[in-house]
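The block underneath contains the structure these notes are about, expressed in structure tokens.
We name chains A, B, ... by the order of the sequence lines, and we start the count at 1 in each one.
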Protein chains: 2
Amino acid sequence: MLELRLVQGGLLKKVLDSLKDLVNDANFDCSATGFSLQAMDSSHVALVALLLRSEGFEHYRCDRNLSLGMNLSNMAKMLKCAGNDDIVTIKADDAADSVTFMFESPNQDKIADFDMKLMDIDSEHLGIPEAEFQAIVRMPSAEFARICKDLSTIGDTVVISVTKEGVKFSTRGDIGTANIVCRHNTSVDKPEEATIIEMEETVSLTFALRYMNSFTKATPLANQVTISLSSDLPVVVEYKVAEMGHIRFYLAPKIEEEEEIEAQRETRPQVETKPKTKPKTEIEPPIDDIKPKVEHVSDIKPKLEIKKPKEEIEASGESKPQVDAKAEIEVMDVE
Amino acid sequence: MLELRLVQGGLLKKVLDSLKDLVNDANFDCSATGFSLQAMDSSHVALVALLLRSEGFEHYRCDRNLSLGMNLSNMAKMLKCAGNDDIVTIKADDAADSVTFMFESPNQDKIADFDMKLMDIDSEHLGIPEAEFQAIVRMPSAEFARICKDLSTIGDTVVISVTKEGVKFSTRGDIGTANIVCRHNTSVDKPEEATIIEMEETVSLTFALRYMNSFTKATPLANQVTISLSSDLPVVVEYKVAEMGHIRFYLAPKIEEEEEIEAQRETRPQVETKPKTKPKTEIEPPIDDIKPKVEHVSDIKPKLEIKKPKEEIEASGESKPQVDAKAEIEVMDVE
DNA sequence: AGCTATCCGC
DNA sequence: GCGGATAGCT
């Protein structure tokens, strides 16, 4: 028996709006500690992780762990039927073949219940490796969204470079080039307008703007976004979900053009590059082709056997993405 | 060396949005007095003239006259990346093979620079003949835009008729006819809502709505639009660009349909119609076919030899389109 | 690429 | 309730 009651229905609507463009179907994993989801996007290039801790709910009851397979676009449709101020209750029994969404208007005049069939979804529940980041940028989420949108009118990829002074977003396309620099700035009146650069080491990584623009669908959730970068690791783009948890997007960097790959190999010959032949389970060759050398989330293919810890939901701190990621991966390549 | 600094970046965005649908590529001519552009639309039926006087810029430096060939749609894309309150700087060196747009956010936290390759464009820089107009209508630009849009759902052309009492916009199509009359009206509280008719002589001219609807893309630039009409001359549709200059669209009238011509001949047999045979240099027969008898801008074909004065940018008054047009044409028909 | 229809925010 | 923006269609 699962029963969660959330006072701010609008939050859940925004969460689903952030997810539904990236992921079609996914399992919501409910345990005593919270409500979470992890899924790769439909082309298996990006990964999204949602966490809503039980403490964030007005009422939270989860007798045993349940994995609710939902079509996110259908779930989003149902949640759209809730008013932004409605109290939302989610119910499922242990059979877990359907889920009920109940919406109560603030004055209790309207009570709606929506029932949705659940689906069996092959669990792609993946542990996410811990990592230290060379640089963490915190900036207004709307500004980041605007930059990604603007740059994608010029080019397909963005180079994100962090120095102590600021973060630079660059692109290049047929019509010209663009560079946008945002300076470290904590002096603004409102903390939500600050841009904060925490940097151990300068870092410069390239990403597909297409995915960045999907991630920024989460912008309505939070005033600020955190972008955590390390060479050869997926970037983590994180939005807080008010007092409850977060939504995190992971995207592997592209490696630079051929010449630069060669240069890298020369300076760091010990790097083990991924073989060009790819398993049939990989759906999206163009991106995988130019993936960096180390294992990271986008290397995890759905068919891999994963040891899935039952207590994967962490309840710990929110400040640094890397400390949150407690789940362990045990990847066995099927090839 | 060219360097212009404009405080209100939003203005330039609007200017480009007004131009880009009508003209693909054009030369921006920069001289000490200002920044201007003249171009025919891609089907050589309409003409657009932009003037931004140097006094309107926060900083204006132009060491020698430069003609910057730009793809307007690409330029518009880049300018869209500027915030409406950003300070925009445009730079080009004398080699003029590329141009840089720099955007600074009001608080200086974000600095972006966009570089765009320039193109070599055959100069179609055309002098525009002076003219006295029989009627000048000044009315709210949004109202004019609405009328053109509405009428184009009924018919393809609009007849604009001016009498002392007001201006009438009429169309006729398969589904019926429409007439919209706007009366002279200076009694409204707000001057931007006034409709002012200055008329020497009644005039009634027919235009293709397709072009009128392109012109009204400039509506966001100004609350009011000025429509200047004379028999057998192109209409001038003018929008002011706040404190800086203007954008003017020129469109030759169509002559009426065959039956109406016949009717006219009966009542006014002295009317001299243009011979049906046309010179080979005419590019766009459908419109030229039904052109009135006198020479006007849409008769100016790119191949004609045009005496192009170097000081084509006028710095004079804004109130009457005809007094601004100082450039001299010397048209030598190539036939 | 331009336009229309729908949805969302003000 | 209106205007703007976006997504999908032609």
Side-chain angles (χ1 to χ4, degrees), chain A residues 8-22 24 42 72-86 103 140-143 145-154 173-175 209-210 212-223, chain B residues 10 13-14 16-26 41-43 45-46 48 70-85 140-156 171 173 175 190 192-193 208-223 249:
Chain A
Q8 245 285 5
L11 261 190
L12 215 49
K13 295 171 70 169
K14 286 180 194 159
V15 165
L16 264 292
D17 280 342
S18 320
L19 296 173
K20 69 173 208 290
D21 289 337
L22 205 61
N24 298 126
S42 24
L72 297 189
S73 137
N74 292 342
M75 182 176 172
K77 276 184 194 166
M78 290 204 166
L79 288 172
K80 276 211 201 312
C81 302
N84 282 335
D85 301 321
D86 283 4
F103 310 137
S141 57
E143 193 168 333
R146 173 70 196 267
I147 289 169
C148 291
K149 182 169 148 282
D150 282 350
L151 292 187
S152 62
T153 67
I154 314 283
D174 293 341
I175 70 169
L209 278 166
R210 178 190 151 195
M212 287 292 175
N213 277 318
S214 283
F215 300 168
T216 60
K217 295 281 158 64
T219 302
L221 278 170
N223 287 325
Chain B
K13 295 171 69 168
K14 286 180 196 161
L16 263 106
D17 280 343
S18 318
L19 295 173
K20 68 171 209 292
D21 289 337
L22 205 60
V23 181
N24 297 125
D25 308 305
D41 83 293
S42 26
S43 53
V45 172
V48 58
M70 311 217 206
N71 175 302
L72 298 190
S73 136
N74 290 344
M75 182 177 173
K77 272 187 194 168
M78 291 203 164
L79 288 173
K80 275 210 203 314
C81 300
N84 283 332
D85 301 322
S141 58
E143 193 170 335
F144 177 62
R146 176 66 196 267
I147 289 168
C148 291
K149 181 167 150 282
D150 284 350
L151 292 188
S152 64
T153 66
I154 314 282
D156 298 327
T171 193
I175 68 169
K190 303 165 192 163
E192 68 266 26
E193 289 174 5
L209 278 165
R210 177 189 153 198
Y211 292 98
M212 287 293 175
N213 277 317
S214 282
F215 301 167
T216 60
K217 296 280 157 64
T219 302
L221 277 171
N223 287 324
F249 301 98

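A search for side-chain contact (heavy atoms from CB on, under 4.5 Å) contacts involving Ala222(A) returns Tyr239(A), not counting sequence neighbours. With sequence neighbours left out, Lys13(A) forms a side-chain contact (heavy atoms from CB on, under 4.5 Å) with Leu79(A), Asn84(A). Residues satisfying the salt bridge (charged side-chain N to carboxylate O under 4.0 Å, His left out) test with Asp25(B), not counting sequence neighbours, are none. Legend: residues meeting side-chain contact (heavy atoms from CB on, under 4.5 Å) with Ser152(A), ordered by chain and number and at least two apart, are Leu209(A), Asn213(A).
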Determine all donor-acceptor pairs shorter than 3.5 Å in which one atom belongs to a side chain in residues 142-149 of chain B; sequence neighbours excluded.
from, atom 1, to, atom 2, distance (Å)
Arg146(B), NE, Asp150(B), OD1, 3.0
Arg146(B), NE, Asp150(B), OD2, 2.9

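Rounded to an integer number of Å, the gap from Arg210(B) CZ to dA1(C) C1' is 13 Å.
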- Readout for nucleotides 2-10 of chain C: B = base within 4.0 Å of protein heavy atom, S = sugar-phosphate only, - = neither; 5' to 3' it is SS----S--
